[in-house]
Amino acid sequence: MAEKLPPSPGGGITPLQQMLASGTGAILTSLFVTPLDVVKIRLSRVMAVLLFPASGKCFLYCNGLMDHLYVCQNGNGCTAWYKAPGRFTGTLDAFVKITRNEGIRSLWSGLPPTLVMAVPATVIYFTTYDQLRDYLHTRMGSWNHYIPLLAGALARLGAVTVISPLELIRTKMQSQQLSYRELRVCIQSAVAQDGWLSLWRGWGPTVLRDVPFSALYWFNYELVRTWLCRQAWLDGATFMVSFASGAISGTVAAVLTLPFDVVKTQRLTCSPLPTVTRIRAESGTRGLFAGFLPRVIKVAPACAIMISTYEFGKSFFQKLNQEQQLRGL
């Protein structure tokens, strides 16, 4: 039955429909995970300084789909993130006090910058993965377990490459409050001085973490999804099967790539170019797995919500297309 089970209900839908399904998943995931980021930042009380002139302060946060630097303009833009109404004794206490003192909307104060980058990045990533997976499946003529591994790695590599300059531009605009004309001059100056590759600063650490994560995630997701369908005697994955498969595969990938995430996070918060060897020498092996629980708590539900919503959206469009074809007959 494992051989008969299709990789996912992606057949019979257009790339545009895949983009709509993945965009919806990105929005729902951001809506769910952003409050966790707000609470985490308010609990940690840690701020970082960007390597941009006159940038002020910034917060590093991740919505389970990608990382962001939220810049506080002249020290005044962080009030929604960083105005603690009192001491918090824990995560639940923080949720209660923030909601009671500032209103429930304050839990989504980081949503706009999240959606600006997370939605296009996720749309590119998931749509590219499906297209590559189906292409490789067609070329090989039979289902191979290593197809998701390769397609996942290539899709993430492409998405990171496309999004990196946009993230750099967004961060520069937010940190220096540049107009579009000033931004164009700033980019032209940077390109003239350091070349076009300067627009991809931060690409290396991002690829180091995200590409292995993506490869492991899709490899395990397809295996777990097929196994769960076989155990339940299903011909196709249900919403709950996709949800469980996403959570399990996301957890495994998050744990195995955690050392790369530690390196990437330290570089994004402007630590002096840390490496795996340097972190291990300074903090031991445990230092490479710092933040294990918060990462898993965030990544597991984010992956579960994203993939189950995406698969549900593809199934919806597939049935819609089939009904339209039948009516056309």
Side-chain angles (χ1 to χ4, degrees), residues 1-11 13 18 21-22 24-26 28-29 32-33 62-66 122 125-138 140 142-157 159 209-261 289 292-316 318:
M1 183 172 179
E3 297 299 325
K4 294 181 181 179
L5 187 69
S8 74
I13 66 174
Q18 290 175 335
S22 57
T24 302
L28 291 178
T29 303
F32 176 80
V33 180
C62 174
N63 64 356
L65 299 172
M66 62 185 298
T122 306
Y125 173 41
F126 276 76
T127 304
T128 302
Y129 169 77
D130 264 358
Q131 294 293 319
L132 281 173
R133 184 206 57 203
D134 293 344
Y135 172 77
L136 292 172
H137 177 50
T138 302
M140 292 183 178
S142 61
W143 179 245
N144 187 305
H145 291 306
Y146 293 103
I147 289 177
L149 193 76
L150 179 59
L154 292 175
R156 194 61 181 175
L157 181 63
R209 194 278 310 272
D210 287 5
V211 171
F213 178 93
S214 180
L216 289 168
Y217 170 78
W218 288 110
F219 177 77
N220 286 303
Y221 172 73
E222 299 289 1
L223 285 180
V224 172
R225 188 175 65 90
T226 302
W227 182 82
L228 289 177
C229 286
R230 188 190 307 124
Q231 296 302 308
W233 296 91
L234 295 172
D235 292 327
T238 63
F239 180 88
M240 288 308 301
V241 166
S242 297
F243 189 93
S245 302
I248 294 170
S249 55
T251 299
V252 172
V255 172
L256 294 179
T257 59
L258 188 56
F260 301 125
D261 183 61
F289 291 89
F292 163 79
L293 191 57
R295 177 161 164 76
V296 170
I297 289 175
K298 186 185 300 181
V299 170
C303 288
I305 295 170
M306 180 63 221
I307 193 61
S308 55
T309 304
Y310 181 52
E311 297 286 18
F312 178 82
K314 290 195 296 181
S315 296
F316 170 80
Q318 187 180 43

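- Every residue meeting the side chain to side chain contact (heavy atoms under 4.5 Å, CB included) condition with I248, not counting sequence neighbours, appears here in chain and number order: V224.
- Taking each heavy atom of A215 and L149 in turn, the nearest pair found is O-CD1, 3.3 Å.
- Using bins of under 30°, 30° to 60° and over 60° for the plane-to-plane angle, the ring pair F219/Y146 lands in the parallel bin.
- Q318 and I13 make their closest contact through N-CG2, 3.4 Å (heavy atoms, listed as atom of the first residue, atom of the second, distance).
- Among Q131, M306, Q18, the one residue that satisfies the side chain to side chain contact (heavy atoms under 4.5 Å, CB included) test with F126 is M306.
- Taking the side-chain hydrogen bond (donor to acceptor under 3.5 Å, both in side chains) definition, one finds that Y135 meets it with R139, sequence neighbours left out.
- A 4.5 Å side-chain heavy-atom check between Y129 and S22 finds every atom pair outside the cut-off.
- For the atom pair CG of N220 and OG1 of T251, the computed distance is 10.5 Å after rounding to the nearest 0.5 Å.
- Taking the six-membered ring where tryptophan is involved, the planes of Y217 and Y221 are essentially parallel, since the angle between them stays under 30° and well short of 60°.
- Considering only residues two or more places apart in sequence or on other chains, S214 meets the side-chain hydrogen bond (donor to acceptor under 3.5 Å, both in side chains) condition with Y125.
- With values rounded to the nearest 0.5 angstrom, R133 atom CZ is found 9.0 Å from I147 atom CD1.
- In this structure, the side chains of T309 and T24 come closer than 4.5 Å at one or more pairs of heavy atoms.
- Here the rule is side chain to side chain donor-acceptor pair (under 3.5 Å) with Y310, and of D130, T29, T127 only D130 fits it.
- Interatomic distance, I307 CD1 to K314 NZ, rounded to the nearest 0.5 Å: 6.5 Å.
- Atom-to-atom distance recorded for L132:CG and L150:CG is 7.5 Å, nearest 0.5 angstrom.
- With sequence neighbours excluded, the residues forming a side chain to side chain contact (heavy atoms under 4.5 Å, CB included) with S308 are F239, S242, F243, listed by chain and number.
- Under the rule for a side chain to side chain contact (heavy atoms under 4.5 Å, CB included), the partners of F32 that lie at least two apart in sequence or sit in another chain are L36, P301, I305.
- In terms of the side chain to side chain contact (heavy atoms under 4.5 Å, CB included) criterion, residue partners of V241 (sequence neighbours excluded) are, by chain and number, R225, L228, C229, L234, A237, T238, S245.
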